[in-house]
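This report refers to the structure that appears directly beneath it.
Both ligands and their constituent atoms are indexed starting at 1 by order of listing. Atoms considered below: every heavy atom in the structure, side chains included; atoms not considered: hydrogens, waters and symmetry mates.
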Amino acid sequence: MEQTYREYLQARYGVSDTGLLNEFISRQDGKLMFANVDLEALVAEHGAPLEIAYCPLITEQVQRMERVAEQARQETAYAGSFIYAYATKANFSEEVVRTALNAGAHYETSSVADVRIATDLWRRGTLTSERYVFCNGSKEDDYITAILKLRLAGNKHVVPVLDDLDEWDAYRQSPVTMGIGVRAREYAKCAGGDRFGLLPDEIDQVVATLSGTPHQLVLYHAMVGSQIEDQDAWLNKLIGAVEAYCELRRRVPTLHMFSFGGGMPTSAYDLGFEFDYDAFMRRLFATIAETCARYDVPVPDVVGEFGRYTVASHSMYLLEVGKVKRGRDGDAPWYLLNGSLMVSAPDTLIVDDQQFIILPLTGWDDAAQSVRLGGRRTCDSDDMYPRPGQEPLMLPETNGGQIIAVFGIGAYQSMISGKGGAHHCLNPEMKRVIIEQEGDRLVTRVIEQQSLPQIMTALGYGTETQPARVRRAPAPRVRRSENWRTIVRMVDQHRVIQEPSGVALTN
Ligand SMILES: Cc1ncc(COP(=O)(O)O)c(C=O)c1O
């Protein structure tokens, strides 16, 4: 045996097989733990595939960053405040947004539906009145209308961030004073291009047309990227934006917030992750203070819109290696999963070099080997991880049956994949276990795996009240061990399979 899995992990990441592997993964008594959840016990109870959402990790993230920022503010004697907003586009699930707000986060929106959620939460008091609602993105009429409605309903902290000049034309009509923001397109040169925000001459036009209106320019937004782990590069990009803020502040005294947008990295994707949050926040405040002093303007309140950082770590998948296939010509073997990473972690496909932390629940004393994960529930050659050119994935040797944990999928994955409806190759959404803190106890909720009738209904094959045009027959009682014999019998008799309730499917 060349190297056991535990030896590999030790050599690659310098972590022991006992105790903490990172901030939220540990191994205790030979068991892999996600926060304080024993993953093997969960699989024993619920089976796999399984998605686990552990909401207290969201609270920890928000409160940790608030603490870090407060400490950094004090150490740099920064006179402005720090405003933590949750970028809900990372994960709109009700329990996620509620947890982030309960932890003290402000709200950042990206769509009309998002403003509707914010409005509803504000009416219910979950989003308290002193919290900001920053509205980003290119805005169609219904998005602008929803923002105006929220303002007219009495929310004084909704701040539309102009992405286009015609938006401004709409807010100018508001009979109630609006605090608005501008997003500087200059700094939005991320992988997706520079389509977000206003060019300098457009910002000038907004400033020129402010006077005579009751409205105020209050925020300058300059997002420069996502998951930025290089502090120097990040700060270098931000300095230009802070200088532009200062120049604008000289002309517009109502301006008092500088938003660096998203970008705060999460530890959720890589066991080797290192980022000194304390140092970054200190450097950020010091850089802004020094630049403002040079321009002789007061320092702004600093806004961060935290997407990945807030929620990436809070959820994970457990998948079973259902089949192992030999690699050809010396290639790594295929571990075929009873799910699809392409469907449930689409960033494996669309984000260059996206990594996830993937660990086995058992087999740490078995030989480690390089493997390729394939989705057994799609027939798509792109349903594989790691992608060609990425670092090989090492897992213990197995003939199948091994459970692997895929961490760090709480941000963007289920939003891009979609919730409900039909997915690629009709891969059903996994059973979900949602764990939330209620007072001093943890409360668990289970949402069953998406059923075939739900998928069929989404595709128009009929609804529960209006069955599709297929024959119905009594449901065969299938015990797991009898699966195969039952299938053979049904194929023989060309019977109809009936789900417990809903649509019948001929086989
Ligand atoms: C305007 C804005 N703010 C915040 C975010 C969140 O970014 P991140 O997930 O890097 O925190 C995004 C992400 O696209 C964004 O577009």
Pair Arg12-Glu391, side chain to side chain contact (heavy atoms under 4.5 Å, CB included): steps then yes or no:
CA-CA 12 Å; Arg12 173 64 183 83; Glu391 179 177 344; 2.7 Å; yes
Determine whether the side chain, the backbone, both or neither of Tyr412 has a heavy atom under 4.0 Å from any heavy atom of ligand 1.
side chain
Under the criterion side chain to side chain contact (heavy atoms under 4.5 Å, CB included), I'd like the reasoning laid out for Ile416 against Ile350: C-alpha separation, chi angles, the key distance, then a yes or no.
CA-CA 10 Å; Ile416 296 172; Ile350 56 180; 4.1 Å; yes
Can you list the atoms of ligand 1 that are under 4.0 Å from a heavy atom of Arg308?
8 (P), 9 (O), 11 (O)
Any atoms of ligand 1 less than 4.0 Å from a non-hydrogen atom of Arg183? List them with their elements.
1 (C)
Heavy-atom contact under 4.0 Å between Ala90 and ligand 1?
no
Judging by distance only, is a nitrogen or oxygen of Gly263 under 3.5 angstrom from one on ligand 1?
yes
Return the residue, atom name and 0.1 Å-rounded distance of the protein heavy atom closest to atom 15 (C) of ligand 1.
Lys89 NZ, 3.0 Å
With the threshold set at 4.0 Å, does a side-chain nitrogen-carboxylate oxygen contact exist between Arg64 and Glu60?
no
Sub-3.5 Å donor-acceptor pair from the side chain of Arg445 to the main-chain atoms of Ile434, do we have one?
no
Identified side chain to side chain contact (heavy atoms under 4.5 Å, CB included) counterpart of Leu248 within the set Val206, Val207, Val297
Val207
I'd like to check which ligand 1 atoms, numbered from 1 as shown, lie under 4.0 Å from a non-hydrogen atom of Asn136.
1 (C)
Closest to atom 11 (O) of ligand 1 among protein heavy atoms sits Gly307 N, 2.8 Å
For Ser226, atoms of ligand 1 separated by under 4.0 Å from a heavy atom:
8 (P), 9 (O), 10 (O)
Could you tell me, atom by atom, which parts of ligand 1 come under 4.0 Å of a heavy atom of Glu108?
1 (C), 2 (C), 3 (N), 4 (C)
Does the pair Arg151 and Ser174 meet the rule for a side-chain hydrogen bond (donor to acceptor under 3.5 Å, both in side chains), with working shown?
CA-CA 9 Å; Arg151 177 67 192 96; Ser174 163; 6.0 Å; no
Closest non-hydrogen atoms of Ile455 and Ala422, given as atom of the first, atom of the second and distance, are CG2-CB, 4.0 Å
Among Phe280, Phe260, Phe258, Tyr78, which one satisfies ring-ring contact (aromatic ring centres under 6.0 Å, His included) with Phe285?
Tyr78
What atoms of ligand 1 come closer than 4.0 angstrom to any heavy atom of Glu305?
1 (C), 2 (C), 3 (N), 4 (C), 6 (C), 11 (O)
